Amino acid sequence: MITVELEHFSLDKICDSGQCFRMKKLGDGHFSMVAGDQYLEMHQKNGIVDFYCSQEEFICYWVRYFDLDTDYEVYMNAANPRDKYLNAAIEAGDGIRILRQDLWEMIVTFLISQQNNIKRIRKCIETICRMYGERKFSTEGVEYYTFPAVEALSQVTEADLRACGLGYRAKYIAVTARTIASGEISLERIYDMSYHRAKKELLKLCGVGEKVAECICLFALHHMDAFPVDTHIRQVMDVHYKRGFPNRRYKGMRGIMQQYIFYYDLYS
DNA sequence: TCCCAGGATTCAT
DNA sequence: ATGAATCATGGG
């Protein structure tokens, strides 16, 4: 186990921020999370966070994953002091981080997210992991399932995916998995692309539109200018940013501002 | 029973 | 280039 003191880091808010659906609250400040083929448990009380893993795993994997090298105070202080709404959102969302999650996992996750609610998104993802992921055990003996690989989902029929409760999104996932498995679109190349090129490439995938592409760019590729506009953000824009969100001012940090606003709108 | 949920696609004008 | 209908499913 490794213990660190972190500022502007909240497992609770990260869990509720609607970007990672494989993080669970175990109660009493304890959390679990599955990322890649890794399983991790954590505990947080105020600023003190325990990561139940080796120091090497922490340094080599989780620091980058949770974006721990970034000073989020810079983002928080960048808000226009006259923008009362944004400052309130930032205060409420203090502790949210933009994670660096797996690209394939984010593609599938946000295909599922469309016209869906967060509780059910979680359930759908849990189901496909249980059905088509790899069953593993942590060093402590906790059973968990990895996110199903491209090859695994590319061989599943649309009907079988439908049986997971995915609804009409089953087709999107089946087609997209085949598109990527065939090599028609390369995830490795997307990792190396600029924000705009990556987004353009992602838009070629079946079922990926403007909003989903932005989510993938932000939560997997860490393009901090990505700004997903969903029903919540749209509504906030109509009320508080009738002249549009000040994109120029928040260049390089639009994504985190979006997350603060999304979280604030969702839980206030 | 109706309405909605982190939308995208298809088809109509 | 815009606008409406359609798409599954579960929960309120």
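Just so we're clear, the structure is a prediction, and the values are computed from it rather than from any experiment. Note on naming: letters A, B, ... go to the chains in the order of the sequence lines (proteins, then strands), and numbering restarts at 1 for each one.
Salt-bridge formation is detected for the pair Arg162(A)/Glu158(A): a Lys NZ or Arg NE/NH1/NH2 atom is positioned less than 4.0 Å from an Asp or Glu carboxylate oxygen. Salt bridge Arg254(A)/Asp225(A): present, at least one basic N to carboxylate O contact under 4.0 Å.
A distance of about 23 Å separates the C1' atoms of dA8(B) and dG11(C), rounded to the whole Å. Straight-line distance between the P atoms of dT6(C) and dT13(B): roughly 13 Å, to the nearest whole Å. Across dT2(C) and dG6(B), the matching C1' atoms stand 23 Å from one another, rounded to whole Å.
Across the strands present, dA8(C) finds no partner; the criterion is a Watson-Crick or G-U wobble pair with both atom distances under 3.5 angstrom.
Side chain of Arg120(A), nearest nucleotide from dC7(C), dT9(C), dG6(B): dT9(C). Of the listed nucleotides (dC7(C), dA8(B), dG6(B)), dC7(C) has the atom at the smallest distance from the side chain of Tyr168(A).
Rounded to a whole Å, the CG atom of Leu202(A) is 12 Å from the P atom of dA8(B). The separation between Lys171(A) atom NZ and dT6(C) atom P is 17 Å, rounded to whole Å. The distance between atom CG of Leu166(A) and atom P of dG7(B), rounded to the nearest whole Å, is 16 Å. Protein atom CD1 of Ile173(A) is 15 Å distant from nucleotide atom P of dG7(B), rounded to whole Å. Between Gln115(A) atom CD and dC3(B) atom C1' the separation is 11 Å, expressed in whole Å. Here dC3(B) presents its P atom at 19 Å from CG of Asn116(A), a figure rounded to the nearest Å. In this structure, Arg169(A) places its CZ atom 11 Å from C1' of dA8(B), rounding to the nearest Å.
Within 4.0 Å (heavy atoms only), Gln258(A) reaches at least one base atom of the nucleic acid. Contacts of Ile118(A) with the nucleic acid, taken as non-hydrogen atoms under 4.0 Å apart, involve only primed sugar atoms and P, OP1 or OP2. Within the 4.0 angstrom heavy-atom criterion, base atoms lie near Gln259(A). Among the protein residues, Gly18(A) comes within range of the nucleic acid bases, having at least one heavy atom under 4.0 Å from a base atom. Across all strands, Ser17(A) comes closer than 4.0 Å to base atoms (heavy-atom distances). The residue Val208(A) sits close only to the backbone: its heavy atoms come under 4.0 Å of sugar-phosphate atoms, none of a base. Nucleic acid contact class of Phe219(A) (heavy atoms, under 4.0 Å, all strands): base.
A donor-acceptor contact under 3.5 Å is not formed by the side chain of Tyr172(A) with the base of dG7(B).
Aromatic ring orientation, Tyr85(A) versus His240(A): parallel (interplanar angle below 30°, classes split at 30° and 60°). Ring orientation note: the planes of Tyr267(A) and Tyr263(A) are tilted relative to one another, at an angle of 30° to 60°.
Between Phe66(A) and Phe9(A), the distance from one ring center to the other falls under 6.0 angstrom. Outside the 6.0 Å centre-distance limit, the rings of Tyr132(A) and Phe147(A) are not counted as a close aromatic pair.
Phosphate contact (OP1/OP2 of dA5(B), side-chain N/O of Ser113(A), threshold under 4.0 Å): absent. Dashed line: the shortest gap from a side-chain N or O of Arg162(A) to OP1 or OP2 of dA8(C) is under 4.0 Å.
Here Phe262(A) lies parallel enough and close enough to stack on the base of dG6(B), with planes under 30° and ring centres under 5.5 Å apart.
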